[in-house]
Amino acid sequence: MRLGSRRTSSRCAEGTDQKNRVRNKLKRLIAKRPTLQSLQERGLFRDQVFGCQLESLCQREGDTVPSFVRLCVEAVDKKGLDVDGIYRVSGNLAVVQKLRFLVDRERAVTSDGRYMFPEQAGQEGKLDLDSAEWDDIHVVTGALKLFFRELPQPLVPALLLPDFRDALELSEPEQCLSKIQKLIDSLPRPNHDTLKYILEHLCRVIAHSDKNRMTAHNLGIVFGPTLFRPEQEASDMAAHVFYPGQLVQLMLNNFASLFT
């Protein structure tokens, strides 16, 4: 029994030593791991586009409107303004996610539809939304809406939503528009310019409503909860859908006066 006890103790000691060796080896590997900043400086790691802070994304790209937003809007302006139900009809989710994956990983798209990591940083081809792979314009609009939904902070900061709602409830139209204009002007530059850019585009969509059947009211329903997203899911449906939809509709109908 004493012999068996000594053997068991020996095995336990060996197991403990092995665990300690593995633990120490992992610590050394972690200590040698390059920092995120060094990877970014070497071009081996890039922040993603989806789910990135708007200000950080714009600062990285040197613009006040994200390039992906511009790319999608240009595609819709080119081949989607007359499409029935544009922005209301959902695209194929799998293809939308594929587009998201391409954008986040900054992969190069080849002529035969394949995609691969570039051999060197900076060799990425510009994503071509005119290619046959993205013929379904609803995939492009779906990806654009997904981009806005996944912003860590909504395009219009949630803290301002009560102020926008109060402005909407003013009885005098001039007072209402005046207060909303001041709130818009108070937005950070990337938020302001991106909001202006997307609403100006939606005004062009409305100009083709005789064909696409997307009025300011319909677009308000689609984009309201996305652009004016509460900090958390509200039990009050009016706060989550009704007021945001009304705000987008009002901004679209008064775009010229609100964004002078």
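All values derive from a computational prediction rather than experimental measurement.
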Minimum side-chain heavy-atom gap [X]-[Y] below 4.5 Å:
X	Y	value
Trp134	Asp128	no
Phe147	Cys72	no
Leu177	Leu258	yes
Gln153	Leu54	no
Cys52	Arg60	yes
Phe164	Ile184	yes

Main chain of [Y], side chain of [X]: is a donor-acceptor contact present, judged purely on distance under 3.5 Å?
X	Y	result
Gln246	Leu168	no
Ser178	Gln175	no
Arg100	Leu146	no
Asp193	Val65	no
Asn191	Leu155	yes

Would you say [Y] ends up clustered with [X] if hydrophobic residues are merged whenever their side chains have heavy atoms under 4.5 Å apart, either directly or through other cluster members?
X	Y	result
Val140	Leu71	yes
Tyr87	Val89	no
Leu250	Leu160	yes

Approximate separation, where rounding is to 0.5 Å, of [X] [atom1] and [Y] [atom2]:
X	Y	atom1	atom2	value
Asn218	Phe223	CG	CZ	12.0 Å
Asn253	Met251	CG	CE	12.0 Å
Lys179	Leu170	NZ	CG	6.0 Å
Ile180	Asp166	CD1	CG	10.5 Å
His208	Met214	NE2	CE	14.5 Å
Arg88	His138	CZ	NE2	9.0 Å

Please assess Leu227 against Leu247 for the test side-chain contact (heavy atoms from CB on, under 4.5 Å), listing each intermediate value before the final yes or no.
CA-CA 10 Å; Leu227 302 183; Leu247 284 167; over 6 Å; no
Heavy-atom closest contact ([X] atom, [Y] atom, distance):
X	Y	answer
Ala143	Phe50	O-CE2, 3.5 Å
Gly80	Ile137	CA-CG1, 4.1 Å
Asp77	Arg204	OD2-NH2, 2.7 Å
Leu219	Val205	CD1-CG1, 4.1 Å
Gln53	Pro152	NE2-CB, 3.6 Å
Leu151	Arg229	O-NH2, 2.6 Å

Mark yes when over 12 heavy atoms from residues, nucleotides or ligands other than [X] sit less than 6.0 Å from its [atom1]; otherwise mark no.
X	atom1	value
Arg213	CZ	no
Glu174	CD	no
Glu150	CD	yes
Gln97	CD	yes

Checking Arg70 now: which residues fulfil side chain to side chain donor-acceptor pair (under 3.5 Å) with it, not counting sequence neighbours?
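Testing Arg70 for side chain to side chain donor-acceptor pair (under 3.5 Å), a comparison that skips the adjacent residues, returns Asp63.
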Leu57 vs Val49, side-chain contact (heavy atoms from CB on, under 4.5 Å): CA-CA, chis, key distance, verdict
CA-CA 7 Å; Leu57 179 60; Val49 174; 4.1 Å; yes
Can you check side-chain contact (heavy atoms from CB on, under 4.5 Å) on Val139 and Val96, steps first, answer last?
CA-CA 5 Å; Val139 168; Val96 170; 4.1 Å; yes
Report the C-alpha distance between Cys203 and Leu252 in whole Å, list the side-chain angles of each, state the deciding distance to 0.1 Å, and finish with yes or no for side-chain contact (heavy atoms from CB on, under 4.5 Å).
CA-CA 6 Å; Cys203 286; Leu252 290 172; 4.0 Å; yes
Is the distance from the ring center of Phe228 to that of Tyr243 below 6.0 Å?
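That pair fails the under 6.0 Å test.
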